[in-house]
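Here's the structure, in structure tokens; my notes come after.
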Number of protein chains: 2
Amino acid sequence: MRNLKPQLIELLKSGGCTPRISKLARNLHTRSSTIHYNIKSMEKDGTVRSYKAVFDYKKIGEGFCTFVLIHLSPDEYSDPLKIANMLAAYPEIESIDVVTGEWELLIKVRTASIEEYYTFATRVLSIKGIARTQSLNSLKQVKTEFVIL
Amino acid sequence: MRNLKPQLIELLKSGGCTPRISKLARNLHTRSSTIHYNIKSMEKDGTVRSYKAVFDYKKIGEGFCTFVLIHLSPDEYSDPLKIANMLAAYPEIESIDVVTGEWELLIKVRTASIEEYYTFATRVLSIKGIARTQSLNSLKQVKTEFVIL
DNA sequence: TATATTTTTGAATATTATCCAAATTATGAG
DNA sequence: CTCATAATTTGGATAATATTCAAAAATATA
């Protein structure tokens, strides 16, 4: 009997969900078919990107959360998206932004522990193009993905 | 005819969705009832916090994204959660973390534009207890909430 | 005002979630 | 190892829900 939960978590982390039309309809005192029409309209014009789950990350082995400020090497300044897009593929990374100020990129990383973060950092954040990093460790998550914890 | 989309967006931002069990079942080559059982199990034990939508934030009037580093006044050091929990109620704030380093809090804020951010900052970030802030503006979002853009 | 476009409605149908009792598999104590 | 217990899977039945569609209403456009 294989443990399905890890696979479910991976799928639900960025998709695999759908709006509860009838519940939303009751909530807004509107017919289901109207809600359906409006939601499909937002899906078609690209307003909605995905429907996904938010987890108690401690319970899925991603209890350690770090924000990493990244300084690129000068030859990457002209195209920070090259590095950013490469980083996007890592499942540990929740978000990636190109930002203003002394740092070029800000990423949010979730791992099981500080040891796993160290492994991640040495594996991923040591590539050519990343000149220097500074990390802010989250001591306590109060809100994430618009969900209050 | 009232425009339902703003209300739908508000509800879907932090909830109002559900997993697509049959789709997940097909994806994992497993019976629906098994997926159902596993998902309910994760809901019961608190592994899943919510099912929600991810938007193209430019299209919902939240195209301007800022990370704000917050330094609390010394009398708040002992309980940064007091301020953090107060901030959690604001719909503009996507995430709030208590962090290590020179700053006590790191929040992620979404507004329509830099003008609206200014309004937000003067309204929300000027309360007693917040001594100093520094903001990193997002020039480009590459990934958010585990969803690649 | 007339016409086109968008949105809503309600009913019919298709799809899906949910429930449940039985079967199977895993776990742990002795 | 063996038995007892708990956890998970299965398949079929039913309930709930999404989806479709044509007509109506509302809104925008000229």
Side-chain angles (χ1 to χ4, degrees), chain A residues 1-63 91 112-113 145-148, chain B residues 1-63 91 112-113 145-148:
Chain A
M1 209 187 302
R2 80 207 146 109
N3 184 10
L4 290 165
K5 285 171 185 173
Q7 298 173 80
L8 282 172
I9 289 165
E10 218 40 47
L11 289 171
L12 293 171
K13 208 190 245 182
S14 62
C17 298
T18 191
R20 274 158 59 81
I21 290 174
S22 65
K23 196 188 161 215
L24 292 163
R26 277 191 292 273
N27 208 311
L28 299 178
H29 308 290
T30 311
R31 312 258 174 283
S32 293
S33 43
T34 305
I35 298 297
H36 185 267
Y37 174 86
N38 277 276
I39 284 179
K40 291 302 148 185
S41 152
M42 290 197 291
E43 290 175 1
K44 264 176 217 135
D45 70 13
T47 298
V48 176
R49 296 304 301 245
S50 185
Y51 301 107
K52 56 155 284 173
V54 175
F55 296 96
D56 181 335
Y57 293 99
K58 289 184 296 299
K59 296 199 173 163
I60 63 169
E62 300 185 13
S113 64
E145 297 152 271
F146 291 106
V147 176
I148 299 173
Chain B
M1 208 187 305
R2 79 206 147 114
N3 184 10
L4 290 165
K5 284 171 185 171
Q7 298 172 82
L8 281 172
I9 289 165
E10 219 41 47
L11 290 171
L12 293 172
K13 210 190 243 183
S14 63
C17 297
T18 192
R20 273 159 63 83
I21 291 174
S22 64
K23 196 189 160 212
L24 292 164
R26 276 191 294 272
N27 207 315
L28 299 178
H29 307 289
T30 312
R31 311 258 175 281
S32 294
S33 44
T34 305
I35 298 297
H36 185 268
Y37 174 85
N38 278 276
I39 284 179
K40 291 301 148 187
S41 152
M42 291 197 290
E43 290 175 1
K44 262 176 219 135
D45 69 14
T47 299
V48 175
R49 296 304 300 246
S50 183
Y51 301 107
K52 58 155 281 173
V54 175
F55 296 96
D56 180 333
Y57 293 97
K58 288 185 297 300
K59 295 199 175 165
I60 64 170
E62 300 185 14
S113 64
E145 298 151 271
F146 291 107
V147 176
I148 298 174

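These values consider heavy atoms only, across backbone and side chains, with no hydrogens, waters or symmetry-generated copies.
Nearer to the 5' terminus of DNA chain C, by closest-nucleotide assignment, is the contact made by A:Tyr37 (compared with the other of B:Ser22 and A:Tyr37). In terms of position on DNA chain C, the residue among A:Thr18 and B:Leu4 whose nearest nucleotide sits closer to the 5' end is B:Leu4. With DNA chain D read from its 5' end, the first of the two nearest nucleotides for A:Arg2 and B:Arg2 is the one closest to A:Arg2. Comparing B:Ser41 and B:Arg20 against DNA chain D, the residue whose closest nucleotide sits nearer the 5' end is B:Ser41.
Spacing between atom CD1 of B:Ile35 and atom P of C:dT16 amounts to 14 Å, rounded to whole angstrom units. Distance NE2 (B:His36) to P (D:dT9): 14 Å, rounded to an integer number of Å. As a whole-Å value, the separation of B:Lys44 NZ from C:dT18 P is 11 Å. Atom pair A:Leu24:CG and D:dA18:P shows a separation of 8 Å (rounding to whole Å applied). Following rounding to the nearest Å, B:Ile39 (CD1) and C:dC19 (P) show an atom-to-atom distance of 14 Å. One interatomic measurement links the two molecules: CZ of A:Arg31 to C1' of D:dA18, which rounds to 17 Å at whole-angstrom precision. Atom P of nucleotide C:dT7 and atom CE of A:Met42 are separated by 12 Å, given to the nearest angstrom. Following rounding to the nearest Å, A:Tyr51 (OH) and C:dT16 (P) show an atom-to-atom distance of 16 Å.
Side-chain nitrogen and oxygen atoms of B:Asn38 include at least one within less than 4.0 Å of the OP1 or OP2 phosphate oxygen of D:dT9.
Not one N or O on the side chain of B:Asn27 forms a donor-acceptor pair closer than 3.5 Å with the backbone of B:Lys23.
Which of C:dT16, D:dT17, D:dT19 sits closest to the side chain of A:Ile21 comes down to D:dT19. Across C:dT18, C:dT7, D:dA18, the shortest atom-to-atom separation from the side chain of B:Met1 is found for C:dT7.
Note on A:Lys40: only backbone sugar-phosphate atoms sit closer than 4.0 angstrom, heavy atoms only; bases stay farther off. Among the protein residues, B:Ser33 comes within range of the nucleic acid bases, having at least one heavy atom under 4.0 Å from a base atom. Using a 4.0 Å heavy-atom distance criterion, B:Thr34 is classed as a base contact.
Under the 3.5 Å distance criterion, with hydrogens and angles disregarded, a donor-acceptor pair is assigned to the side chains of A:Ser41 and B:Lys5.
In terms of heavy-atom proximity, A:Phe146 sits nearest to B:Ser14 at O-CB, 3.5 Å.
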request  = Give the C-alpha distance, both sets of side-chain angles, the deciding distance and a yes or no for side chain to side chain contact (heavy atoms under 4.5 Å, CB included) between B:Leu24 and A:Leu12.
outcome  = CA-CA 9 Å; B:Leu24 292 164; A:Leu12 293 171; 3.8 Å; yes
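Expressed to the nearest 0.5 Å, how far CD1 of B:Ile9 lies from CD of B:Glu62 amounts to 8.0 Å.
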